[in-house]
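Some notes on the structure that comes next.
Below, chains carry the letters A, B, ... as their sequence lines are ordered, and counting in each starts from 1. The structure displayed is predicted, hence computed values, not measured ones.
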Amino acid sequence: MFAAVLVASGVMVISSRNPVHSVLFLILAFFNAAGLFLLLGAEFLAMSLVIVYVGAVAVLFLFVVMMLDINTAELKDGILQYLPTGAVIGILLLVELVALFGSWGFAPDVEAIIQSQTPPIAQATNTEALGMLIYTKYVFLFQASGLILLVAMVGSILLTLRRREGVRHQKIADQVARTTETVKLHKVQTGRGI
Amino acid sequence: MITADLATVLPELLLALAGLGLLMFGVFHKGDATRVVSVLAILAFAAALLVMAKGDTQSITAFNGLFQVDRFTVFSKGLILLAAAFTTAMSVDFLEKEKIGRFEYPVLIVFSTLGMLTMVSAGDFLTLYMGLELQSLPLYVLAAYNRDNQRATEAGLKYFVLGALASGLLLYGISLVYGFAGTTQFSSLTLVLGATEGAAPSMGVIVGMVFILAGLAFKISAVPFHMWTPDVYEGAPTSVTAFFAVTPKIAAFTLLIRVLEGPFGQLGHQWQQVIVVIALLSMFVGSFGALGQNNIKRLLAYSSIGHVGFALVGLAAGTEMGIQGVLVYLAIYLFMNIGAFAIVMLMRRKGVAVEGVDDLAGLSKTHPALAYVMAGVMFSMAGIPPLAGFWGKFYVFMAAVQAGLWTLSIVGLLTSVVSAFYYLRVIKVMFMDEPKGEFDRHIGKPAKLVLVLSTAVIILFSIFPGPLLSSAKVAAQVLFPG
Amino acid sequence: MYIAVVFLPLLGSIIAGLFGRVIGDRASQVVTCTGLGLSALCAALIFQTVAIDGHSVTVPLLTWIKSGGLDVSWALRFDTLTAVMLIVVTFVSFMVHVYSIGYMSHDHSIPRFMSYLSLFTFAMLMLVTADNLVQMFFGWEGVGVASYLLIGFWYHKPSACAAAIKAFVVNRVGDFGFALGIFGTFFLFGTVGFDDIFAAAPSKAQTIVHFFGCDVNAITIVSLLLFVGAMGKSAQLGLHTWLPDAMEGPTPVSALIHAATMVTAGVFMVSRMSPLFEQSETALAVVTIIGAATAFFAATVGCVQNDIKRVIAYSTCSQLGYMFFAIGVSAYPAAIFHLFTHAFFKALLFLGAGSVIHAMSDEQDIRKMGGIGKHIKVTCALMWIGSLALAGIPPFAGHYSKDAILSAAWASGSTSGHIAFFLGMGAAFMTAFYSWRLLILVFHGKPRADDHVMGHVHESPLVMIIPLLVLAVGAVLSGAVGHDMFVGEENHEFWRAAIAILPDHTALASVEHVPDWVEHGPLVLAVSGIALAYLLYVVFPAVPSFLATNLRGLYLFALNKWYFDELYDFLFVRPAFKIGRGFWQGGDGALIDGVGPDGVAAAAKDIGRRVALLQSGYLYHYAFAMLIGIVAIVSWYAFMAH
C-alpha cells in the first residue's frame with residue numbers, strides 16, 4: 001500500500017499543474033517512504049525522514065514556491081512535442097527494468113556477506129547500530145560527507161550573498177557596547193515634545 | 001589501527017585541513033585575499049604531492065577497505081595535483097583582470113581536488129560516490145562562479161542538473177550491483193563476480209554496470225553523455241574551463257579504469273563492447289563537431305571529447321599495454337590542454353577577453369612566441385610526430401591493434417585526420433591571416449612558466465619518454481597482477 | 001663522420017632559423033651552405049667506405065622508447081642503399097642551396113628559406129639512415145612537414161597555401177597507410193628494427209591473418225599498407241594530385257623536394273623493405289601495375305600541359321612510375337639506379353626551368369615563351385642535356401637506367417612485367433615527345449612574349465649557373481659510370497645485404513639475354529618522339545594549335561596533302577591529347593579530386609555542421625540524449641547479447 005501510494009504521488013509531483021500541489025504530493029511521498037522504512041524495522045531512518053525532509057526541507061520548498069509565484073501554464077508548453085519519443089524511451093526502459101527484476105538473481109554467497117555488515121538487531125537498537133557503523137567502520141565517509149555539506153554551504157553563499165552598498169545592517173556589538181555616557185536621557189513631558 | 005589509516009590518507013588529510021584553514025583565513029583576512037589564498041593553495045598541493053611521493057608505494061588499503069593506495073593511484077594523483085596547481089597558478093592573474101577574484105575560488109578548487117583524490121583512491125562504491133560528489137559540487141559552483149554573467153550562470157545550472165542526473169544514474173547502478181552481490185566493496189565484488197565465472201553473468205549486474213559506466217562517462221564527457229561539455233566550457237570563466245578540461249577528466253578516467261579492471265574485470269567481454277561504441281562515437285563527434293566552431297573554447301571542448309575517445313580506445317583494448325597507453329595519453333593531454341588554455345587566457349584586447357578563433361589572426365606577427373607555442377600545442381593535439389600528442393595516440397592505437405580491434409583503430413586514425421583539419425586551421429589563422437590588432441602585452445609569471453613547461457613536455461617527450469613511460473607501466477601493472 | 005653527415009644540416013637549420021635575423025642573410029646562406037657542403041663531403045667518404053670497400057656500419061645514438069615488447073632506439077644505419085641515397089640527397093641539396101642564393105636573392109626572408117631547406121635535408125637524411133620503422137616514420141613525417149612549410153613558403157599567395165595544405169593532406173592519407181603498416185609489422189614480427197624483421201621475414205611468409213572476415217596473407221597486407229605510404233610520398237596514381245600543385249613553391253624547392261629527394265622516399269622505403277616485399281607475389285604485382293600505370297598516365301598528361309614546371313612535374317611522376325615497376329619486377333638495383341640518375345637530370349631540368357622563369361620575369365607559360373635560346377645560351381644547352389638524359393639518348397645518364405628497367409620488365413617473364421614493359425615503352429615515347437615540345441616552344445622558334453619581356457631576357461648569375469653545370473656533369477656521366485656498379489654483372493658485390501632478392505626472381509640477372517628489339521626499342525621510340533615533336537612544332541608549328549582549337553584547321557591540313565602526318569595525328573596525337581585531357585580533367589580532376597580530397601572535405605564539413613546542430617542548448621535535450629544513450633546500451637544487452 002505504501003509503495004503504491006508512493007509511486008502514485010511521485011507521478012503527481014511531476015504532472016500536477018500547480019507547484020504548490022506538487023510540493024504537497026512530495027510531502028505525501030516522503031511520508032509513505034517513511035512508512036516503508038518502518039515496515040522494514042528502521043525506525044530511526046523513518047523518523048529522521050519525517051523530521052528532516054517533511055519538517056524542514058519540504059516546508060522550505062513550499063515557502064519558496066509560494067513566494068515565487070511561477071506561471072504554471074508556460075512550463076507545460078511543448079510537452080506534446082516530446083511525448084512520443086519520451087514515451088517510447090520510457091516504456092522501453094520500464095519494460096527492460098521489469099524484465100530485469102523478474103529474472104533477478106543473487107550472487108551465490110550473498111547472505112553471508114550481508115550478515116557480516118551490521119550487528120544483530122537484538123543486540124543494539126536501530127540508532128545504536130547506525131551510530132556504531134558510522135563512527136567506526138564508515139568514519140571516513142562520514143567525514144567526507146561533512147566536507148560535501150560544507151562545500152555546498154560555501155558554494156551557495158558564494159553564489160547568492162551580495163554586499164550591497166547602502167544597506168543598513170544592525171550592528172549588535174555596537175548597540176550592546178553602548179554606555180550611558182554616549183546616551184543622553186531626556187525627560188519628556190507629556191504633551192510637549194522636545 | 002586508526003593511526004595507520006590516517007597515515008595512508010595523509011595527502012588527503014593535508015588537503016582537507018588546508019581547505020578548512022584557508023577558508024577561515026579568507027573569511028577573517030581584511031581586504032582581498034584571493035592572491036594569498038591561491039599561493040597557499042598551491043603550496044598545499046605541492047605539500048600533498050611531496051607527502052605522497054615520500055610515502056610508501058606498496059599497495060595498502062585503509063578504513064576497512066574503503067580506501068586504497070597503490071602505484072596506480074599515486075600516478076594519477078600526481079597528475080591531478082600537478083594540474084590543479086598549474087590551473088590555480090594561471091587563474092590568479094586572469095581573475096584579477098576579469099575583476100572576479102574572490103578567495104573562495106582557490107578554496108573550492110582545493111576541495112574539488114580533495115574529492116578527486118578520494119575518488120581515485122576509492123576501494124568501495126560508497127567512497128567513490130562521496131569523492132565524486134565532493135569533486136562535483138565545487139565544480140558546479142565554479143561554473144557559475146561569474147554570477148553576473150548570464151552565460152556562466154546558465155552553464156552552472158546546466159552542469160548542475162545534468163550532473164545530478166548522472167549521479168542519480170550512478171547511484172542506481174550501484175544499488176543494482178549491491179542488490180546482486182550484497183556488497184559495494186571492490187575487493188569482495190571481484191571475488192563474488194569471479195565466483196560466477198563461466199556461467200553467463202547476471203543481467204542485473206550488467207545493467208548496474210552500464211548505469212555506473214554512464215555516470216562516469218558523464219564526468220569524462222564521452223558521447224552520448226557529453227552534451228554539457230561545449231556549453232559549459234564556453235560559458236564558464238576560462239580559468240575554470242581550464243580546470244574542468246583537465247583535472248576531473250583525469251580523475252574520472254582513472255576511476256573508470258579502476259572500476260572496469262577491478263570489480264568488473266570478470267565482465268571484460270561485456271564492457272568492452274560499450275567502451276568500443278562510446279569511443280567510436282566520441283572520436284566521431286569530437287572531430288566533426290569542432291569543424292564548424294569559431295569559439296576557441298568550444299573548439300577545445302570538442303577536441304577534449306575527441307581526446308577522451310582516443311584514450312578510451314586504449315581502455316577498450318583492456319590490456320596492460322592499453323592501460324599504460326591511456327595513462328600516458330592522459331599525462332600528455334594534461335600538458336597540451338594546460339598550454340592551450342594558458343594562451344586562451346592571454347587572449348584579451350584592451351582589457352577585454354576575446355574567444356574567437358579569428359581573434360588569433362596574425363598572432364605570428366604580433367606575438368611570435370605565443371604563436372609558436374600555440375602551433376606546437378595544436379600540432380601535438382593533431383598528433384603530428386614527433387610531438388608528444390602523436391605518441392599518446394601511438395600507444396593507444398598500438399594497444400588496440402594488438403588486441404585485434406582493427407575497426408576501432410582505423411576509425412580512430414581517420415577521425416584524427418579529420419581533427420587535424422581544425423587544428424591546422426587554427427595554425428593557418430595564426431600564421432597566414434592578417435593581424436586583427438594586438439593582444440595586451442602583459443603576460444604574468446605563472447602563465448609564462450606554464451607555457452614553457454607545457455612546450456617543453458610536448459617537445460621533449462619524444463626524446464626522453466622514459467620516465468613517463470616507465471611510471472605509467474608500473475602503474476598499469478598494479479591492475480594486472482601476475 | 002657518420003653523425004656529422006646527418007646532424008650538420010640540422011645545425012645549420014637551427015642557426016639560420018633562430019638567429020637568422022641576428023646574423024643576417026649572407027651569414028645564414030654561408031652557414032647552411034657550409035653545413036651542407038661538409039655533409040656532402042662526408043657522404044662521399046661514407047660512400048667510399050661503405051659501398052666501395054664494403055663496411056656496413058650501424059651507429060647507435062640512444063635508446064628511445066622501451067615499453068613492453070616495443071624497443072625502439074635511435075641508430076644510424078649505413079649500408080650501400082643508404083650510402084647511395086646519402087650521395088644523392090646531400091649532393092643535390094648542396095647544389096640547391098647554392099642555387100637558392102641566387103634565385104632567392106630578391107626575397108625578404110632568406111634565413112627562413114635556408115633554414116627550411118636545411119631542415120628538410122636533415123629530415124630526409126634521418127629517413128634514409130633510419131635503423132627501424134619508427135625512426136623512419138619520424139624522418140618521413142619530418143620531410144612532410146618541411147615540404148609543407150616550403151610549398152607554402154610564399155604564404156601570401158592563396159594558391160601556395162592551398163597547395164601546401166593539399167600536399168599535406170594527401171600525404172597524410174599515405175602516412176596513414178604507412179602507420180598502419182608499421183603497426184601491422186609490429187603485430188607480425190613483434191619488433192620494428194630492420195635487422196630483426198628481415199631475419200624473420202622468410203619464416204612468416206605463409207602467415208595468414210583474419211581481416212574483415214576474409215583470410216589473407218599477412219605479409220601481403222603489411223606490404224600493401226607500406227606501399228600505400230610510398231604511393232603518397234612518391235605521387236603514384238591516385239595519390240599523385242598534390243605533386244603538380246606543389247609547384248607553387250619556389251623553384252629550388254621543386255628541384256630539391258619534388259624531383260630529387262622527397263618523392264623518391266617511397267622508392268627508397270620499398271627497396272629498404274625489399275626482404276618483406278619479396279615474400280609476397282601479390283604485393284609485387286600490385287606495385288608493378290600501379291607503377292606502370294602511373295608512368296603511362298603521367299606521360300600522357302605531360303604532353304598537354306602548358307606550364308613549364310607542371311610539364312616537368314608530370315614527367316617526375318612518370319619517372320617515379322618507372323622506378324616502382326622496376327621494384328615490382330624485383331629489379332631493385334635498377335630502380336635505385338634510375339633514382340640516382342634521375343635525381344641529377346631532373347634537378348638539372350627544374351633548376352634550368354627556374355633559370356628560364358627567372359629570365360622571363362616570372363613567366364611560366366610556355367606558349368608565351370619561344371626563341372629565347374639565343375639570349376640564354378648556357379641555360380639552353382643545359383636544358384638540352386637534361387632533356388637528352390630524360391629521354392634516354394645515349395650516352396646520357398637516363399639511357400642506362402631506363403633501358404635497364406625496361407629490359408628487366410621484359411625479362412621478368414610475368415604478365416604484369418610485360419604489361420609494364422609495353423606501358424613503359426609508350427611512356428618513353430611520350431617522354432621524348434613532351435621534352436622536345438618543351439624545348440622547342442621555350443627556346444626556339446619566334447618569340448611570343450612582348451618586347452618588354454624579351455628585352456629583359458638575361459642569363460642568370462654565376463651562382464645559379466655553376467650548380468647547373470655540376471648537375472649537368474652528373475646528368476651526362478652518372479649513367480655510364482654507375483651502370484656496372486649498380487646493375488652490372490657484379491651488382492651483388494656492390495649491394496651485398498642492403499637489398500634482398502629471392503633466387504627465383506631473375507629479372508635483373510637475365511637482362512643481358514633479352515631480344516634485340518627490347519634492348520633497342522626504347523632508344524628508337526625516344527628518337528621518334530623527338531622527331532614527332534620536331535615535325536609538329538618546328539616544321540609545322542601551326543598544326544598543334546589548329547588541332548587543339550578547330551576542325552577547320554584539320555580540314556585545311558588535309559588539303560595540304562600531308563596525309564601521313566594527318567594519319568599520325570589522327571591515330572596518335574589527338575587520342576593522346578584526348579586521353580591526356582581525359583585523364584587530367586576527367587580522371588584527375590573530376591574523379592579523384594572530386595571523390596577524393598574535395599568530396600571528403602565537403603562531406604566532413606557537412607557532418608560537422610550536423611553534429612553542431614545537435615547542440616541545441618536546451619537542458620532537457622541534453623538530459624534526454626543521456627537517457628537515450630543509457631536505454632540504447634541496456635537494450636543492446638537485453639536483446640542482442642543473448
So, the part of B:Leu126 with a heavy atom under 4.5 Å from chain A: the answer is both

Turns out that what part of B:Tyr172 lies under 4.5 Å from chain A's heavy atoms comes down to side chain

If one checks every heavy atom of B:Thr118 against chain A at 4.5 Å, the contacting part turns out to be side chain

Below 4.5 Å, heavy atoms only, C-beta onward: do A:Leu158 and B:Tyr105 meet side chain to side chain? no

Rounded to the nearest 0.5 angstrom, the OH-OG distance for B:Tyr140 and A:Ser156 is 15.0 Å

Whatever's closer than 4.5 Å to a heavy atom in chain A on B:Asp148 counts as side chain

Whatever's closer than 4.5 Å to a heavy atom in chain A on B:Leu23 counts as side chain

Output for pair (B:Leu114 CG, A:Leu147 CG), nearest 0.5 Å, gives 6.0 Å

Highest number of heavy-atom pairs under 4.5 Å with chain B among A:Val154, A:Ile157, A:Thr160, A:Leu159 belongs to A:Leu159

Given B:Val107, B:Leu134, B:Asp124, B:Leu108, the one with more heavy-atom pairs under 4.5 angstrom with chain A than any other is B:Leu134

For this session: Check the surroundings of atom OH in A:Tyr53: do more than 12 heavy atoms from other residues, nucleotides or ligands lie under 6.0 Å from it?
Result: no

In this structure, CG of A:Leu141 is separated from OH of B:Tyr129 (nearest 0.5 Å) by 12.5 Å

In this structure, CZ of A:Phe140 is separated from CD of B:Glu12 (nearest 0.5 Å) by 6.5 Å

Taken to the nearest 0.5 Å, the spacing of A:Ile148 CD1 from B:Glu133 CD works out to 6.0 Å

*Quick one: are B:Asp5 and A:Val139 in side-chain contact, heavy atoms under 4.5 Å?*
no

Does atom CZ of B:Phe160 have more than 12 heavy-atom neighbours from other groups under 6.0 Å away? no

To the nearest 0.5 Å, atom CG of A:Leu150 lies from atom CG of B:Leu137 at 11.0 Å

Original post:
Does a sphere of radius 6.0 Å around CZ in B:Phe25 hold more than 12 heavy atoms from other residues, nucleotides or ligands, not counting ones at 6.0 Å or beyond?
Top reply: yes

Those residues at least two apart in sequence (or on a different chain) that pass salt bridge (charged side-chain N to carboxylate O under 4.0 Å, His left out) with B:Glu98 are B:Arg348

